[in-house]
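Everything quoted here is computed from the prediction, not taken from an experiment.
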Amino acid sequence: MRGPEAVLETALYARNLDETAGFYADVIGLREHSRSEGRHVFFECGPGMVMLFNPDATEVPGGKLPVPPHGARGPGHVCFRVDAQALDGWASWFEGQGVGIESDFFWPNGARSIYVRDPARNSVEVSEPKLWGRPV
């Protein structure tokens with residue numbers, strides 16, 4: 001059997017879905033796909049999905065669909081793939097939006113990463129594909 005082709009979805013957790021969803025829509029620029037009030041907000045990101053869940057709602061068994069309960073407490077992490085030439089623009093954009101940059105540095109392989117926090121304190125990284133030796 002072959003391994004998976006790519007990551008299809010990434011899940012982050014936030015109790016205040018509206019505030020955190022606003023960050024991903026307005027600051028990161030993702031397009032909202034669907035929403036279930038008080039439970040989740042899903043966003044499109046290229047060929048994949050970024051899913052925000054309220055852990056208080058998803059840790060409870062017996063939902064509408066046969067999906068096992070899940071949830072996480074504490075900050076999670078997501079890294080968005082961006083073009084290397086766009087990273088200066090992202091740094092300026094974050095600053096202009098009042099989003100503090102937690103770290104902006106070059107990895108030993110020369111790839112650059114910029115880290116910020118969403119309103120739920122999840123670590124949000126933008127980096128170039130070179131970080132993991134992925135094709136541009």
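Placement of Trp107 and Ile114 in two distinct hydrophobic clusters is found when ILVMFWY residues are connected by side-chain heavy-atom separations under 4.5 Å, directly or transitively. Trp132 and Val50 fall into different hydrophobic clusters, defined by Ile, Leu, Val, Met, Phe, Trp and Tyr side-chain heavy atoms under 4.5 Å apart, directly or through other members. By the criterion of side-chain heavy atoms lying less than 4.5 angstrom apart, applied directly or through intervening Ile, Leu, Val, Met, Phe, Trp or Tyr residues, Val124 is grouped together with Val82 in one hydrophobic cluster. A continuous path of hydrophobic side-chain contacts links Leu87 to Phe80 [ILVMFWY only; heavy atoms under 4.5 Å]. A chain of hydrophobic side-chain contacts below 4.5 Å, direct or via other Ile, Leu, Val, Met, Phe, Trp or Tyr residues, connects Val126 to Val27.
Judged purely by atom type and a 3.5 angstrom limit, Asp56 has no side-chain atom pairing as donor or acceptor with the backbone of Arg15.
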Determine, step by step, whether Val60 and Arg39 satisfy the side-chain contact (heavy atoms from CB on, under 4.5 Å) criterion, reporting the C-alpha distance in whole Å, the side-chain angles of both residues, the deciding distance to 0.1 Å, and the verdict. CA-CA 11 Å; Val60 179; Arg39 186 180 189 282; over 6 Å; no
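The two atoms that bring Glu37 and Asp18 nearest to each other are OE1-OD1, 4.3 Å, heavy atoms only. Smallest separation of non-hydrogen atoms from Gly74 and Asn122: O-OD1, 4.4 Å. For the pair Leu30 and Glu44, the tightest heavy-atom approach, listed with the atom from each and the gap, is CD2-O, 3.6 Å. The two residues Ala72 and Pro55 make their nearest non-hydrogen contact at O-CB, 3.8 Å. When all heavy atoms are compared, the tightest approach of Pro75 to Arg117 is CB-NH1, 3.6 Å.
Under the 3.5 Å distance criterion, with hydrogens and angles disregarded, a donor-acceptor pair is assigned to the side chains of His70 and Tyr13.
Within a 6.0 Å radius of CZ in Arg73, other residues, nucleotides and ligands contribute more than 12 heavy atoms. The environment of NE2 in His33 is sparse: at most 12 heavy-atom neighbours from other residues, nucleotides or ligands sit within 6.0 Å.
Proximity of Glu102 to Val116: side-chain heavy atoms (C-beta onward) are nowhere separated by under 4.5 Å. Side-chain contact between Trp93 and Val99: absent, with no pair of heavy atoms (C-beta onward) separated by less than 4.5 Å. Under the 4.5 Å side-chain criterion, counting only non-hydrogen atoms from C-beta, Cys79 is in contact with Ser127. Side-chain atoms of Asn16 and Pro119, non-hydrogen and from C-beta on, never get closer than 4.5 Å to each other. Proximity of Leu8 to Met49: side-chain heavy atoms (C-beta onward) are nowhere separated by under 4.5 Å.
Taken from CD in Gln97 to CH2 in Trp90, the straight-line distance is 10.0 Å, to the nearest 0.5 Å. How far CZ of Arg35 is from CG of Leu52: 9.0 Å, rounded to the nearest 0.5 Å. Here the CZ atom belonging to Phe53 is positioned 12.0 Å from the CD atom belonging to Glu59, to the nearest 0.5 angstrom. A distance of 8.0 Å separates CD of Gln85 from CD of Glu128, quoted to the nearest 0.5 Å.
Applying the side-chain contact (heavy atoms from CB on, under 4.5 Å) rule to Thr10 yields the partners Val7, Val78; only residues at least two apart in sequence or on another chain are considered.
Taking the six-membered ring for Trp and thresholds of 30 and 60 degrees, Phe43 and Tyr24 have ring planes inclined between 30 and 60 degrees apart. Under the 30°/60° scheme for interplanar angles, the aromatic rings of Phe42 and His40 are found to lie parallel.
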